[in-house]
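Below is one structure, written out as structure tokens; comments come after it.
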Amino acid sequence: MKKIVITTGGGDAPGLNAVIYAVVHSCYRRGWEVYGSRESYRGFLDTDEMIRLTLKMVEEIYSIGGTILGSTSRGNPFATPVENLAGEVQLVDFSDKIMRNFTRMGFDCHIAIGGDGSLEIAHRFAGKGMPIIGVPKTIDNDLEATDRTFGFDTAVSTATDALDKLHSTAKSHNRVMVVEVMGRDSGWIALYSGISGGADIILIPEIPFDIEKVCEKIADNELHEKHYSIVVVAEGALAKDGEVFCKDNSEPGRDDPLLGGIGEWVADEIRCRTNKDTRSLVLGHLQRGGSPTTFDRLLALRFGAAAVRLVEEGVFGQMVALESSNMKAVPLEDAIKSRKKVNLNSDKVLTARDIGICLGD
Ligand code: F6P
């Protein structure tokens, strides 16, 4: 008999509920109990927020987006923003308290589902002696140690769908449409959706762009009697000699700055330089919503089941990962070392170039 606790941390991603479903079912078959800590680590600090997960509670959730446990991007237990009596926000370290409560509540293992930030926190708890298994989640697909994170396929599919829809309106008005997509410092969502959604130009953080080249492509389209263009810009893309566009970075307890604004800048430049009617839009959190695709569901279910198999083997401090088409375990330490970037020699980049997509260089 074992007692397992699950957390979901950081930005949500389609497939979180499928992992929870797989963990609960895999544990049930072994006669183990599963608990879920609401909003990441809150359940360790307030017992009302620690819930027993039954088969009934997870019925059919594998197909539903979001997370039944809730999540937070500002829940770092080693530096949690807390307002003191004077109204000042201070960062408080709750990690020792969480360790004590983990033991007091009688847990044998913690399955932490998260992206790089949450897995870094998981690694720190592993260092404090918590038996922990990580599960890689993020729509950004930027974890080096796994071929794929779940959530990415759904985000790409949503972005591609949006691009398909933009074609008709761009064409009707002979316009340039600039679409800003998520992905932080990696261009995976922009590249995959841009190729699949017929973009003329894709701008990714891995290739600092020359706005002149972008405008040349639009002029070239005109020459070939194509009077509209679709531009996909990753939120972390930057012009040569330019900087990444960040939004207000004052949210206490947030490790990474919020990105955004590059799409509008690119649209303004195109409008000024080409005189073309140009509009921009930000797809934003639409990319994180909705039901997981079949690929993400299956991957998330496989990750959840693989995590429970590791618990059974007593292998902790690891993250489950996809390698080729198999599940494997990677030390958490290695999993958080670096963020995965688009390889500029990969066949996806070559495909984009071969089919005439401008990458801004
Ligand atoms: O990491 C996932 C992600 O959606 C990024 O693509 C994006 O930059 C960020 O989270 C947005 O964060 P928030 O949900 O806090 O606005």
Side-chain angles (χ1 to χ4, degrees), residues 4-23 34-44 49 65-80 94-95 98 102 107 109-128 130-146 148-152 154-155 182-186 253-256 285 288 292 296 299-304 306-308 310-311 316-322 329-340:
I4 312 296
V5 59
I6 310 177
T7 55
T8 53
D12 68 342
L16 281 167
N17 281 329
V19 181
I20 296 171
Y21 178 96
V23 171
V34 186
Y35 286 75
S37 167
R38 284 212 173 102
E39 286 179 26
S40 202
Y41 287 82
R42 254 181 85 182
F44 290 101
E49 304 295 336
T67 159
I68 59 166
L69 295 176
S71 193
T72 171
S73 308
R74 284 183 276 168
N76 182 350
F78 291 86
T80 305
F94 287 110
S95 61
I98 289 171
F102 177 86
F107 290 122
C109 177
H110 169 197
I111 296 181
I113 316 171
D116 56 346
S118 309
L119 293 172
E120 162 104 45
I121 292 165
H123 178 53
R124 289 180 75 178
F125 274 117
K128 279 176 163 280
M130 186 185 279
I132 200 158
I133 308 280
V135 176
K137 159 242 66 164
T138 167
I139 64 161
D140 304 336
N141 196 38
D142 60 354
L143 290 175
E144 190 74 70
T146 181
R148 279 291 182 96
T149 54
F150 69 83
F152 171 65
T154 310
M182 282 185 168
R184 300 207 54 84
D185 307 315
S186 302
R254 196 186 170 98
D255 294 332
D256 282 324
H285 295 80
R288 295 231 303 254
D296 276 341
L299 182 60
L301 291 165
R302 291 171 72 198
F303 277 156
V308 174
L310 287 183
V311 180
F316 300 116
Q318 307 278 313
M319 182 189 84
V320 291
L322 181 73
V330 189
L332 274 172
E333 193 181 351
D334 297 343
I336 56 173
K337 256 184 203 150
S338 57
R339 287 189 178 170
K340 184 168 65 180

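Between T154 atom OG1 and D296 atom CG the span is 3.5 Å, to the nearest 0.5 Å. Here CD of E120 is found 12.5 Å from NZ of K337. Values are rounded to the nearest 0.5 Å. Atom CD1 of residue I98 and atom NZ of residue K128 lie 9.5 Å apart, to the nearest 0.5 angstrom. A distance of 9.5 Å separates CZ of R148 from OG1 of T146, quoted to the nearest 0.5 Å. Atom CD1 of I111 and atom CZ of F303 lie 13.0 Å apart (nearest 0.5 Å). One finds the OH atom of Y41 at 14.0 Å from the CZ atom of F94 (value rounded to the nearest 0.5 Å).
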I'd like a table of donor-acceptor pairs (distance under 3.5 Å, sequence neighbours excluded) in which one partner is a side-chain atom from residues 130-137, with atom names and distances.
{"from": "K137", "atom 1": "NZ", "to": "G9", "atom 2": "O", "distance (Å)": "3.1"}
{"from": "K137", "atom 1": "NZ", "to": "G11", "atom 2": "O", "distance (Å)": "2.6"}

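Under the salt bridge (charged side-chain N to carboxylate O under 4.0 Å, His left out) criterion, D12 pairs with R288, not counting sequence neighbours. A search for side chain to side chain contact (heavy atoms under 4.5 Å, CB included) contacts involving R42 returns E39, E49, not counting sequence neighbours. Every residue meeting the ring-ring contact (aromatic ring centres under 6.0 Å, His included) condition with F107, not counting sequence neighbours, appears here in chain and number order: Y35, F102. Residues meeting the side chain to side chain contact (heavy atoms under 4.5 Å, CB included) test with T8, sequence neighbours left out: L16, I20, T67, L69, S71, I113. For the salt bridge (charged side-chain N to carboxylate O under 4.0 Å, His left out) test, residues two or more places apart in sequence or in another chain that qualify with R339 are D116, D185, D256.
Contact annotation: the side chain of T7 approaches that of F44 to within less than 4.5 Å [non-hydrogen atoms, C-beta and beyond]. Proximity of T138 to F150: side-chain heavy atoms (C-beta onward) are nowhere separated by under 4.5 Å. The shortest side-chain heavy-atom distance between H110 and F125 does not fall under the 4.5 Å cut-off.
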